[in-house]
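Below: the structure, in structure tokens.
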2 protein chains.
Amino acid sequence: MTAALHDRVAQCLADADQRYTENRRLLVNAFLAKDRPMTVPELVAVIDGLPLSSAYRNLSVLQDAGVVTRIATSDDNGRYELTEGFSGHHHHHLVCEGCGIVVDIAASPTIERALRAAARRATQDHGFAITDHRIDLIGRCATCQR
Amino acid sequence: MTAALHDRVAQCLADADQRYTENRRLLVNAFLAKDRPMTVPELVAVIDGLPLSSAYRNLSVLQDAGVVTRIATSDDNGRYELTEGFSGHHHHHLVCEGCGIVVDIAASPTIERALRAAARRATQDHGFAITDHRIDLIGRCATCQR
DNA sequence: TCAAGACTGAGAATCATTATCATTATTGAC
DNA sequence: GTCAATAATGATAATGATTCTCAGTCTTGA
């Protein structure tokens, strides 16, 4: 199961003329271990001995190859997660405005349908070619509610 | 019309023990002039003579008072816009992944309804108290499509 | 086995944002 | 109106996440 996933990652990197090195494998495994977007400090804390500079460089390589995605948050640290093709399912995010943590939630068919219509309208009205979307529900996690 | 708006901004700042100074008024007017989220460099370019440090400090004050909202983007600059109560209408964003520009689009009732259901589910399943949401349609603007 | 080129990691550089602080402007009390 | 007390300003320095640099190491394919 995960072996097949690693093969696909390797293929994806190969297509981008990149190798699937030990550090990159450690990063992918860290993402598989937790199913929520993680910051670079979180990643290096989990991957013992990985230098910051290597973490950033390899995340950038994995991002260019389409294996991971960087998500923008309002707190200071960026967060990374496996691209949907690798994490398995289309999902959206629950964002805590207290601590900044981000949790994955399943997408609903109703929302997806409505979004397709909205994308069509955006193309008509503004000339945008829509390729993706992002939905965040914002609030406070159980911990931050005290 | 805009006079009433300025009164409401003044009230909002007063509630936060802040004054509605010239610089703050200039910022609010800049937001009214363009109806899309703007970066700090864009703002100081439009408001002649406004120092960067004053721009950042006053945006922060306006944000704490609930007059402007900072939106997170994946490019390097943050973007600010008037909070919905002041800009007039609930809206979502069209984001160009080429140049990073952000354009407002109207929210659709269908999506809003579906989001309320999703928020209910998030509370049940994850203990989050949802207070807001954010929808971005991501693609390429007419210019960046060449 | 060897050369070409990719990868690594320590440290320096970058750049948006924040903090500092002396100066200036505003306010409320008298 | 005058006078503290307090808030706002803006130049500059500091911060901190991210990116770049570069010399050394590892892979790969011939």
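Numbered from 1 within each chain, the chains take letters A, B, ... in sequence-line order.
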Carboxylate-amine/guanidinium proximity below 4.0 Å for E81(B) and K34(B): no

What range of DNA chain C does chain A touch, first nucleotide to last, counting atoms under 4.0 Å from its heavy atoms? dA6(C) to dG11(C)

Which residue lies toward the 5' end of DNA chain C, D76(B) or D17(A), if each is placed at its nearest nucleotide? D17(A)

Note: E112(B) and A107(B) closest approach over all heavy atoms is OE2-CB, 3.3 Å

Counting heavy atoms from C-beta on, name the nucleotide in dC20(D), dT27(D), dA8(D) closest to the side chain of R19(A). dT27(D)

Verify the distance criterion only: is there a donor paired with an acceptor across the side chains of Q11(A) and D15(A) at less than 3.5 Å? yes

H133(A) and H92(B): ring pair (Phe, Tyr, Trp, His ring centres under 6.0 Å), yes or no, with the steps? CA-CA 11 Å; H133(A) 63 253; H92(B) 298 145; over 10 Å; no

Atom CD of E22(B) to atom C1' of dG10(D): distance rounded to whole Å? 15 Å

Given atom CZ of R25(A) and atom P of dT27(D), what is their separation to the nearest angstrom? 13 Å

Expressed as a whole number of angstroms, how long is the span from Y80(A):OH to dA17(D):P? 13 Å

Look at all strands and tell whether S54(A) reaches a base, only sugar-phosphate, or nothing, counting heavy atoms closer than 4.0 Å. base

Salt bridge or not for D136(B) and R134(A), using N-O below 4.0 Å? yes

Rounded to the nearest Å, what distance is computed from the OH atom of residue Y20(B) to the P atom of nucleotide dT9(D)? 12 Å

Can you find a donor-acceptor N/O pair under 3.5 angstrom joining the side chain of T21(B) to the base of dA8(D)? no

Note: for R57(A) and P41(A) on DNA chain D, the residue whose nearest nucleotide lies more 5' is P41(A)

